[in-house]
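Nothing here was measured: the structure is a model prediction, and the numbers come from that model.
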Amino acid sequence: MPSPPINAGDRLFRRLALALSSIVVIILVMIGIFLVKMSWPALEAYGINFISSTAWDPVRSHYGAAPFIYGTLVSSFLALSIAVPLSIAVALFLTELAPARVAAVIGFMVEMLAAIPSVVYGLWGIFFLAPLLRTYVQPFLSKYFGWSFLFQGAPYGIGMMAASLILAIMVTPTITAICREVFRAVPDIQREAALGLGATKWEMIRLAVIKSSWSGVFGASILGLGRALGETMAVTMLIGNRNEISTSLFAPGQTMASIIANEYAEAGSGIHIAALGYVGLVLFLVSFIVNGIARRVVRRLQKSGAGK
Amino acid sequence: MTFQDIYAKLDRRRTIKNRIALSILVLASIIAILPLLFILYYVVARGLGGLNLAFFTELPKPVGEPGGGLGNAVLGTLVLVAMASIAGVPIGITTGIYLSEFRTSRASNLVRASVELLAGVPSIILGMFAYALIVVPMRGFSALAGSAALAIILIPTVAKTTEEVLKLVPDHIREAGLGLGLPRWKVITRIVVYGSRSGIFTGVMLGVARISGETAPLLFTALNSQYWAQGLLSPISSLPVQIYTYAISPFDDWTQMAWTGSMILVFFVLFASLLMRAILRGKKV
């Protein structure tokens, strides 16, 4: 509610609140500045080629971030391709199918997935998921689909597949929560209209709910992508930490976040730190852009009343 | 075939498709919660064995020697989270108040955008920022740098939940306060914020629970330590970092402690979330 401050107390309060709130703005700007400052030697030395170069050799002082960008993109893409359909299905179950009590319990459990710390996911991945992949899933895939470029190489367990799976689990709560909101916002009239025309429940869901929610689901996916990009610990523990690009899902890899997590604490030379800073700058910019897009989509959604 | 027969055939197909599709939805929900059940089971099954008083009171022993604990890590996490909260909670709540109560001011769009974008920055980048800001000038890793990074994570979280909680307060309450002659700042602090204090407290608790599990920003700010906290200007141990270090190690007694530490973290977060639900259900804002 707008009202001009008409006394000293109000003016002081407003100024104080604004001052403290601007700390957030200042921090955001400073992060950008510091990242550029930190990576300046690498920016000067490599320029834009940093992004396409695949050499990462701290011993010989050659640096290129392509393997990490590849690793980040592939793991995020794979994670999303599993998480988005799954989340849509769960959200539909919670809003259309489940009775209120069941929806409350299952919804709570899905939210709990988001609360588990990343390290715990990593620990569980190392001792449960990776052995599962190594012993059952990957040999099976290798035996029947080993001709494909996707399933080449030895079944380590640890690698792109494990990291992507754990990422998928971790972003599902985010995407599900937003999809729930989107589906809940579809007016009941649409559902009743479909049912009145003789649709089965699934046909009703398809026609009335899903059809009008595409942009909302898209926004949810982008937000999930933003979360996936920033995930560090679980991915670091499961991706195998090999600085090479490989098309096989069994292969170990490296993401932008994981190379920083692995090498930053012990980075020796100035150019090593600057190169890692450059990787951080790229990661910062990418997540900045993705989150910006997600904000725009979600905002447009809220204006048009959720849905179309 | 009669009309009826054709429709009967189509109907059967639609009914089957309906059954299959709805079953897939149920199956998907079961698949989605399975990881949670597995993790909870594993964390308790593997972690419970190592839960004893020594875990909280003793320092880690060298590999091979029995006993020892992660007391320093538990204390370290408490110290880091407390320090981060001292800075982060007031700033976060005030930012939330500004976003909610001064929504129409020109700056509020910029502030809101910054809050949301900052919330999306990967936590390891925030660690790099704290490194450049504090570790480099100080020429050393410290608990101060670690809690600074955690505070930066805490602020947007608390700001967002505070704004949401305050937005729920209907305008007529504010108007009633103003109508009684109160200055606006008193209306905001004594009525709106005070009335929403349980929701705000919940948001703070959730933020605190979240940062106590953060590892990445601590990796090169607070680093780690094998000893009890030696002051705010030196490296300090923390539960998540120790779990990480032990989890990737090849030693069984270390991984055992990693499981126990994970159990503590997971149940702390679970407890905080359940408590939050109980508070919110009790007080309908």
Side-chain angles (χ1 to χ4, degrees), chain A residues 1-3 5 7 9-10 13-14 17-18 20-25 27-28 31 34 38 86 89-90 92-93 97 106 109-110 112-113 115-120 122-124 126 128 169 172 200-203 226 229-230 232-233 237 257 260-261 264-265 277 280 283-284 287-288 291-292 295, chain B residues 14-15 17-18 21-22 24-26 28-29 31-33 35-36 38-39 42-43 91 94-95 97-98 102 104 107 110-111 114-118 120-125 128-129 132 152 155-156 171 174 183-185 213 215-216 219-220 223 240 243-244 247-248 258 262 265-266 269-270 273:
Chain A
M1 18 169 322
S3 73
N7 59 44
D10 277 349
F13 182 79
R14 187 177 177 136
L18 180 59
L20 284 181
S21 308
S22 48
I23 291 181
V24 181
V25 186
I27 291 179
L28 194 62
I31 293 178
F34 267 83
M38 210 192 302
L86 186 71
V90 176
L92 283 176
F93 171 76
L97 218 53
I106 306 270
M109 292 176 84
V110 174
M112 277 299 96
L113 275 177
I116 294 183
S118 193
V119 248
V120 177
L123 180 65
W124 178 76
I126 291 180
F128 173 75
I169 300 175
T172 296
T200 62
K201 188 141 197 187
W202 170 242
E203 286 166 352
L229 289 175
T232 314
M233 295 323 295
M237 289 158 97
I260 298 174
Y264 200 79
L283 182 58
F284 177 67
S287 71
F288 197 85
N291 279 302
R295 274 195 83 228
Chain B
R14 286 169 61 208
T15 313
K17 270 200 212 164
N18 186 49
L22 296 181
I24 292 181
L25 292 190
V26 177
S29 306
I31 293 179
I33 62 170
L36 178 72
F38 271 115
I39 292 180
Y42 263 77
V43 144
I91 298 178
T94 311
T95 308
I97 293 177
Y98 184 79
F102 297 102
T104 50
L110 182 62
V111 172
S114 304
V115 166
E116 289 178 12
L117 289 170
L118 188 60
V121 175
S123 57
I124 196 156
I125 306 284
M128 287 174 96
F129 176 63
I152 300 179
I155 291 174
D171 267 346
R174 297 181 181 87
R184 188 157 175 213
W185 68 271
T215 321
L219 286 177
F220 32 83
L223 203 69
I243 294 175
Y244 171 61
I248 57 178
S262 298
L265 267 184
V266 166
V269 171
L270 224 91
S273 307

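Summarising the geometry, atom CD1 belonging to I125(B) is positioned 8.5 Å from atom CD1 belonging to I31(A); distances are rounded to the nearest 0.5 Å. In this structure, the separation between CE on M233(A) and CD1 on I124(B) is 7.0 Å, given to the nearest 0.5 Å.
Y42(B) has its side chain out of reach of L123(A): every pair of non-hydrogen atoms, C-beta onward, lies at least 4.5 Å apart. In this structure, the side chains of L18(A) and Y98(B) come closer than 4.5 Å at one or more pairs of heavy atoms. Put simply, the side chain of I23(A) does not reach to within 4.5 Å of the side chain of T95(B), judged on heavy atoms. Between F93(A) and V26(B), the closest side-chain pair of non-hydrogen atoms falls below 4.5 Å. The side-chain heavy atoms of L36(B) and I116(A), taken from C-beta on, include a pair separated by under 4.5 Å. The closest side-chain heavy-atom distance from W202(A) to I24(B) is not below 4.5 Å. L113(A) has its side chain within reach of P35(B): a pair of non-hydrogen atoms, C-beta onward, lies under 4.5 Å apart.
Note on S118(A), G292(A), A261(A): by heavy-atom pairs under 4.5 Å with chain B, the leading option is A261(A). When the candidates N291(A), V119(A), L92(A) are compared by the number of heavy-atom contacts under 4.5 Å with chain B, V119(A) comes out ahead. Between chain A and the residues P156(B), S114(B), A216(B), the largest count of heavy-atom pairs under 4.5 Å involves S114(B). Ranked by heavy-atom pairs under 4.5 Å with chain B, the first of G277(A), G230(A), A257(A) is G230(A). Interface summary for chain A: among V121(B), I97(B), I31(B), the most heavy-atom pairs under 4.5 angstrom belong to V121(B). Of the residues considered (V43(B), V269(B), T215(B)), T215(B) shows the highest number of contacts with chain A, using heavy-atom pairs under 4.5 Å. The candidate with the highest count of non-hydrogen atom pairs below 4.5 Å against chain A, out of L223(B), L22(B), L265(B), L270(B), is L22(B).
Contact of I39(B) with chain A is made through backbone and side chain together, with heavy-atom distances under 4.5 Å. Both the backbone and the side chain of I260(A) come within contact range of chain B, judged by heavy atoms closer than 4.5 Å. Both the backbone and the side chain of M109(A) have a heavy atom closer than 4.5 Å to some heavy atom of chain B. For chain B, the nearby part of F34(A) is the side chain; its heavy atoms alone come within less than 4.5 Å. At a 4.5 Å heavy-atom cutoff, the contact between I152(B) and chain A is made by side-chain atoms alone. Residue contact with chain A, scored on non-hydrogen atoms closer than 4.5 Å, involves the backbone and the side chain of A132(B) alike. L118(B) touches chain A through backbone and side chain together, each having a heavy atom under 4.5 Å away. For chain B, the nearby part of T232(A) is the side chain; its heavy atoms alone come within less than 4.5 Å.
Here the closest non-hydrogen pair linking P122(B) and S287(A) is CD-OG, 3.3 Å. Shortest non-hydrogen contact noted between V266(B) and V120(A) is CG2-CG1, 3.8 Å. Nearest heavy-atom pair across A247(B) and M237(A) is CB-CE, 3.5 Å. Nearest heavy atoms, R184(B) versus D10(A): N-OD1, 2.9 Å. When all heavy atoms of A17(A) and T94(B) are compared, the closest pair comes out as CA-CG2, 3.7 Å. Considering all non-hydrogen atoms of both residues, L86(A) and A28(B) come closest at CD1-O, 3.7 Å.
The aromatic rings of F102(B) and F13(A) lie tilted to each other, with the angle between the two planes from 30° to 60°.
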Run the side-chain contact (heavy atoms from CB on, under 4.5 Å) test on E203(A) and N18(B) for me, step by step, so that the C-alpha distance in whole Å, both residues' side-chain angles and the decisive distance to 0.1 Å come before the verdict.
CA-CA 7 Å; E203(A) 286 166 352; N18(B) 186 49; over 6 Å; no
